[in-house]
Amino acid sequence: MADIRKLEDVVSLCKRRGFIFQSSDIYGGLASCYDYGPLGAELKRNVKEQWWKQMVQMRDDMVGIDCSILMHPMIWKASGHVDKFADLVADCKACKTRTRLDHLQNAPGKEDADINDTSAKVCPKCGKIGNFTEPMEFKLMFETQMGANVDDSMTVYLRPETAQGIFANYRNVLDSSRMAVPFGIGQIGKSFRNEVTTKAFIFRTREFEQMEIEFFCKPGTDEKWYEHWKQLRMQWYLDLGINKDHLRFRDHASDELAHYAKACVDVEYLFPFGQGDWQELEGVANRTNYDLRQHQRGMRSVTRWIENDRDVIKTPLVDENDKWDKGPLAYFDQPNNEKYIPYVIEPSAGADRGTLAFLVDAYDEDEVNGEVRNVLRFHPKLAPVKAAVFPLVKKEGMPEKATAIYDDLKGHFNCSYDLKGAIGRRYRRQDEAGTPFCIVVDGQTNEDNTVTVRDRDSMEQVRVNADQVKSYLRDKLDL
RNA sequence: GCGGGUGUAGCUCAGUGGUAGAGCAUCACGUUGCCAACGUGAGGGUCGUGGGUUCGAAUCUCAUCACCCGCUCCA
């Protein structure tokens, strides 16, 4: 990094090289929506693949799922999103400041006024009393209609987090996978939130992709697992090449914690917004047993929901059962013959934020023979293209030989082939895409069947037998 | 949401009322002997979008969309 100072430079690089484009660009764009171009799609895929491989596949205590984006509306009632995500807000007519109604204070002498009585409220900005617009609903969850027949279609939500799909399937996974506490479920998928403020490129968008883990553990062991995941998740970013000086933990203060959380820490990255800005890449939270307990209430509230015209707003959850710890979502610990609702540690990472961080952190400029060289120093596992194959010149059978090597390699790695322009230019093109290796067929290839393999970072070359290029790359790329 | 700024070729930008431009990039042909070589040529523009003023608008004006910076917000 270090050489990309402004977000605009990142945006420009992303567009120029085909990493990230504005969504609906030819129509002038759609706020807060972005598309991944050819290189960006490969990069993001690799980020997700590394997460899935290391967090899910390589751990004996993890399994993965892939839930639908649309879920039963009562899931969002039970989770608290319906209430917390549908706040009433009002604008001060004098200073235009928009405030949530439940954040407004009553004026002196009107302390007993109803929470929705704006005539008694004080503007926190300008101090004017009762000078507000009519309260309006602020919907933080995306709504859509399910059912083609307008008369009996039902309002459902696009999930604002993937986590609830995991909680809703926790029972199914336990019953089908032979997993036992402590264990976790991972999921990668799109989520949607009507953020009050978007901005900052793909950092905060209304449609985004999450990589989430819900790790279920016995109450009392939760602090140990919290620490475990905290360290593990930081290490993941470091292992994939992010500069340690650009990463830090930030513990949430107790008054900052969500209502369900016992503890929460953010993994932050120093993004090049403004003058350099520490922003959250990922949050690791101790969600206690809150969600599973809430869903036990939600499960018993479905009849009530039907009786209330399938309107979640009008459907209060039934009270929690006294024997909640022996409810349907309780875990039965056979060896110890005890039942409990597990505690949950949640490492929740943003796939788009992570991709941006890897991209920005890989960017570098160095000087070669007095010229600036732009290079993306991606970790080989993340590099969109693993190797490029060139004939040194377009004659003496070099293109044919190079094509044969390329055709063999592309079945194993994402590769590219280029015979246009001078060799130095082709190297630079690949440097700017972050390709770790370039393979060149030259005059000597006809004599001894060797090719040169040029390293992106050192620019040094070694001669490798053409038949061994595949294993050479596999070894160097650690794939 | 508030305030400020920006929007012209894929990218960086010049053009401030009178024929739409440059560098880089892209493509074609030739050349080539390892680090953004060279030559010749080519393509590429709703000047963010829509209205208004004007004989004439990239330029002035109104609206709108998008992005950036600073606040605010971020269950």
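Hydrogens, waters and symmetry mates are skipped; everything else that's a heavy atom, side chains included, is used. Letters A, B, ... mirror the listed sequences (proteins, then strands); counts begin at 1. Please read all numbers here as calculations on a predicted model, not as lab measurements.
Leu13(A) has its CG atom 17 Å from the C1' atom of rC68(B), to the nearest Å.
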Dump the pairs, protein N or O against N or O of nucleotides 8-12 of chain B, anything under 3.5 Å, distances to one decimal.
from, atom 1, to, atom 2, distance (Å)
rC11(B), OP1, Lys15(A), NZ, 2.7
rC11(B), O3', Ser12(A), OG, 3.0
rC11(B), O2', Ser12(A), OG, 3.4

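Just one residue in the list Thr288(A), Asp222(A), Asn289(A) forms a side-chain hydrogen bond (donor to acceptor under 3.5 Å, both in side chains) with Lys262(A), and that residue is Asp222(A).
To the nearest whole angstrom, the two C1' atoms, one in rG45(B) and one in rA14(B), are 15 Å apart. Taking atom C1' on both nucleotides, rU8(B) is separated from rC55(B) by 25 Å, rounded to a whole Å. Atom name P, nucleotides rA57(B) and rG17(B): the rounded distance is 14 Å, in whole Å. Going from the P atom of rU32(B) to that of rG18(B) covers 49 Å, rounded to whole Å. When the C1' atom is used for both rA42(B) and rG50(B), the distance is 35 Å, rounded to whole Å. Here, rC47(B) and rU6(B) have their C1' atoms 14 Å apart, quoted to the whole Å.
Residues Phe271(A) and Tyr269(A) place their aromatic rings such that the two centres sit under 6.0 Å apart.
Across all strands shown, rC73(B) forms no Watson-Crick or G-U wobble pair with both distances under 3.5 Å. Nucleotide rC38(B): paired with rG30(B) (Watson-Crick or G-U wobble, both distances less than 3.5 Å).
The residue Ile26(A) sits close to a base: some heavy atom pair falls under 4.0 Å. Within 4.0 Å (heavy atoms only), Tyr34(A) reaches sugar-phosphate atoms of the nucleic acid but no base atom. Among the heavy atoms of the strands, none lies under 4.0 Å from Ser24(A). Note on Lys394(A): a base of the nucleic acid sits closer than 4.0 angstrom, heavy atoms only.
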Protein-to-nucleotide contact annotation, 5' to 3' order, nucleotides 33-40 of chain B [B base; S sugar-phosphate only; - none; under 4.0 Å, heavy atom]: BBBBB---
Worked verdict on Phe437(A) versus Asp455(A) for side-chain contact (heavy atoms from CB on, under 4.5 Å): CA-CA 5 Å; Phe437(A) 296 104; Asp455(A) 179 83; 3.6 Å; yes
Audit row: Asn465(A), Tyr472(A), side chain to side chain donor-acceptor pair (under 3.5 Å) steps and yes/no: CA-CA 9 Å; Asn465(A) 191 287; Tyr472(A) 180 88; over 6 Å; no
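By the neighbour-count criterion of 12 heavy atoms within 6.0 Å, atom CZ of Phe249(A) is densely surrounded, having more than that number from other residues, nucleotides or ligands.
Between Glu161(A) and Arg287(A) there is a salt bridge, since at least one side-chain N of the basic residue sits less than 4.0 Å from a carboxylate O of the acidic one. Using a cut-off of 4.0 Å between Lys/Arg side-chain N and Asp/Glu carboxylate O, Arg463(A) and Asp442(A) are scored as salt-bridged. A salt bridge is defined here as a Lys NZ or Arg NE, NH1 or NH2 lying under 4.0 Å from an Asp or Glu carboxylate O, and Asp364(A) with Arg373(A) fails to meet this definition.
Listed candidates were rC67(B), rC69(B), rA75(B). Nearest to the side chain of Gln22(A) is rC67(B).
Checked against side chain to side chain donor-acceptor pair (under 3.5 Å), Arg233(A) has the following partners two or more places apart in sequence or in another chain: Glu282(A).
Checking Tyr27(A) against Leu257(A), the closest nucleotide of RNA chain B that is more toward the 5' end is the one next to Tyr27(A).
The shortest heavy-atom contact between Arg297(A) and Glu320(A) is NE-N, 3.8 Å.
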